[in-house]
*Asks:* 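Handing you a structure now.
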Amino acid sequence: VIMSKLNDTFVLGEQLAHHLGIQRVIIIPGDSGSHTQVLKSMGEELNRVLDKLLPLGSSTIAAMGGTTMAAVATALTPQLSKQRQLLFVPARGGLGETMGIQANTICAEMAAHSSGNYRNLYVPEDISPESFQSLVGEPVVRSVLEQISRANVVIHSIGRAKVMAQRRNMTTSEIQLLEERQAVSEAFGVFLDVHGQVVYKVPKIGLQVSDLDKVSDVIAIAGGAQKAQAIQSYMKIAPHQTILITDEAASEMILRDK
Ligand code: F6P
């Protein structure tokens, strides 16, 4: 019974990868939206995927923030650093979120669990364009930005537009705009509608969604029935080399809508 269940999940993954137009989809049984154990298993899967795809030698891994990333970060293991030098960098500048779910924190956490190194990007929110320019000119900031641009792996999640707008304390008029333009998903600071059209962009330094094409491996981690529509929307613009680690609940919902 277990074998046939595993086989079903594998076939479902292939169908979903084909439907979403990406390289691969790995499906973890259950609903990570309601069971934290499922999220933990998604983290273990991330660890396995990284161990398989990371080349020996040096790798720079750019990581995004969020609660999913924070949860999966703790599942990485020191095994990943065997014959490898890993450097974790935050994919984008601070997004005004609480400390525990900022990309800087997640990089430190991922490095601690995988015996790797990390760099932080210290660029505060809401600074004047002049201060921004001088900060970006600082050697320490510039060197982290260079490392981000050289990342060979990117790990990120996908959020629901409404949830993300609230979490980032966007203004009433911005939220209204997102509603009018029917935004359903957010990733890398871009808000998308169901067709994958960019309806709003949050300008930030660091990795832009358009930079993903030149990154060898992109891993997206997002699950839960509630995120099904957001996942589907973002996958319309995801680069083909994306590997999605998701759960059964989101997968079934996406394939049902097909
Ligand atoms: O804010 C960083 C971020 O990675 C967003 O780009 C993404 O939409 C979100 O976090 C996902 O957050 P969560 O895992 O909490 O749903």
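In listed order, ligands and their atoms are each counted from 1. Numbers here are sequence positions counted from 1. Just so you know, these numbers use all the heavy atoms, side chains as well, and skip hydrogens, waters and symmetry mates.
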*Asks:* Determine the interplanar angle of the Y234 and H156 rings, folded into 0 to 90°, and report it as parallel if under 30°, tilted if 30 to 60°, perpendicular if over 60°.
*Replies:*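 The rings of Y234 and H156 stand perpendicular, inter-plane angle above 60°.
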*Asks:* Return yes when R167 approaches ligand 1 closer than 4.0 angstrom through a heavy atom, no otherwise.
*Replies:*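 The answer is yes: ligand 1 sits under 4.0 Å from a heavy atom of R167.
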*Asks:* Need the ligand 1 atom indices (1-based, order shown) with element for anything under 4.0 Å from a heavy-atom of G66.
*Replies:*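 By the 4.0 Å cutoff, the relevant atoms are 10 (O), 12 (O), 14 (O), 15 (O).
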*Asks:* Before accepting this row, confirm whether a basic side-chain N of the pair D193/K236 lies closer than 4.0 Å to the acidic partner's carboxylate O.
*Replies:*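 No, D193 and K236 are not salt-bridged.
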*Asks:* Which of the atoms of ligand 1 are close to G159, meaning less than 4.0 Å from one of its heavy atoms?
*Replies:*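 Once the distances to G159 are compared, the set is 7 (C), 8 (O).
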*Asks:* Once you restrict to heavy atoms under 4.0 Å, what part of K227 touches ligand 1? Side chain, backbone, both or neither.
*Replies:*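 Side chain only; the backbone of K227 stays clear of ligand 1.
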*Asks:* Taking side-chain contact (heavy atoms from CB on, under 4.5 Å) as the criterion, tell me which of V89, V123, V136 meets it with L145.
*Replies:*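 Answer to the side-chain contact (heavy atoms from CB on, under 4.5 Å) test with L145 among V89, V123, V136: V136.
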*Asks:* With atoms numbered from 1 as shown, which atoms in ligand 1 lie under 4.0 angstrom from a non-hydrogen atom of R168?
*Replies:*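 It comes down to these atoms of ligand 1: 1 (O), 2 (C), 5 (C), 6 (O).
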*Asks:* Below a 4.0 angstrom heavy-atom separation, can you tell me which part of E186, side chain or backbone, both or neither, approaches ligand 1?
*Replies:*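 For E186, the contact with ligand 1 is made by both the backbone and the side chain.
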*Asks:* I'd like to check I243 versus I22 (side-chain heavy atoms, cut-off strictly below 4.5 Å). Are they in contact?
*Replies:*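 No. Closest side-chain heavy atoms not under 4.5 Å.
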*Asks:* With a heavy-atom distance limit of 4.0 Å, tell me whether R160 approaches ligand 1 through its side chain, its backbone, both, or neither.
*Replies:*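 Neither part.
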*Asks:* Counting only heavy atoms not in Q85, do more than 12 fall under 6.0 Å of its CD?
*Replies:*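 Correct, the count exceeds 12.
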*Asks:* Apply side chain to side chain contact (heavy atoms under 4.5 Å, CB included) to residues L50 and I155 and explain how you reach the verdict.
*Replies:* CA-CA 10 Å; L50 285 172; I155 312 173; 4.1 Å; yes
*Asks:* Go through ligand 1 atom by atom and flag the ones less than 4.0 Å from a non-hydrogen atom of I158.
*Replies:*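 In order of number, 8 (O).
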*Asks:* Under 4.0 Å from a heavy atom of M64: give me the atoms of ligand 1 that qualify, with their elements.
*Replies:*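 Once the distances to M64 are compared, the set is 4 (O), 6 (O).
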*Asks:* F188 heavy atoms, cut-off 4.0 Å: which ligand 1 atoms fall inside?
*Replies:*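 The list of qualifying atoms is 6 (O).
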*Asks:* Is ligand 1 under 4.0 Å from a heavy atom in the side chain of V163, in the backbone, in both, or in neither?
*Replies:*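 Neither; no heavy atom under 4.0 Å.
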*Asks:* Does the side chain of Q232 reach to within under 4.5 Å of the side chain of I158, using non-hydrogen atoms?
*Replies:*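 Not touching, per the 4.5 Å side-chain cut-off.
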*Asks:* Could you say whether the N/O atoms of G65 and ligand 1 ever approach to under 3.5 Å?
*Replies:*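 Yes, there is a polar N/O contact under 3.5 Å.
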*Asks:* Quick check on side-chain contact (heavy atoms from CB on, under 4.5 Å): which of K40, M42, E44 does I28 satisfy it with?
*Replies:*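 When side-chain contact (heavy atoms from CB on, under 4.5 Å) is applied between I28 and each of K40, M42, E44, only M42 qualifies.
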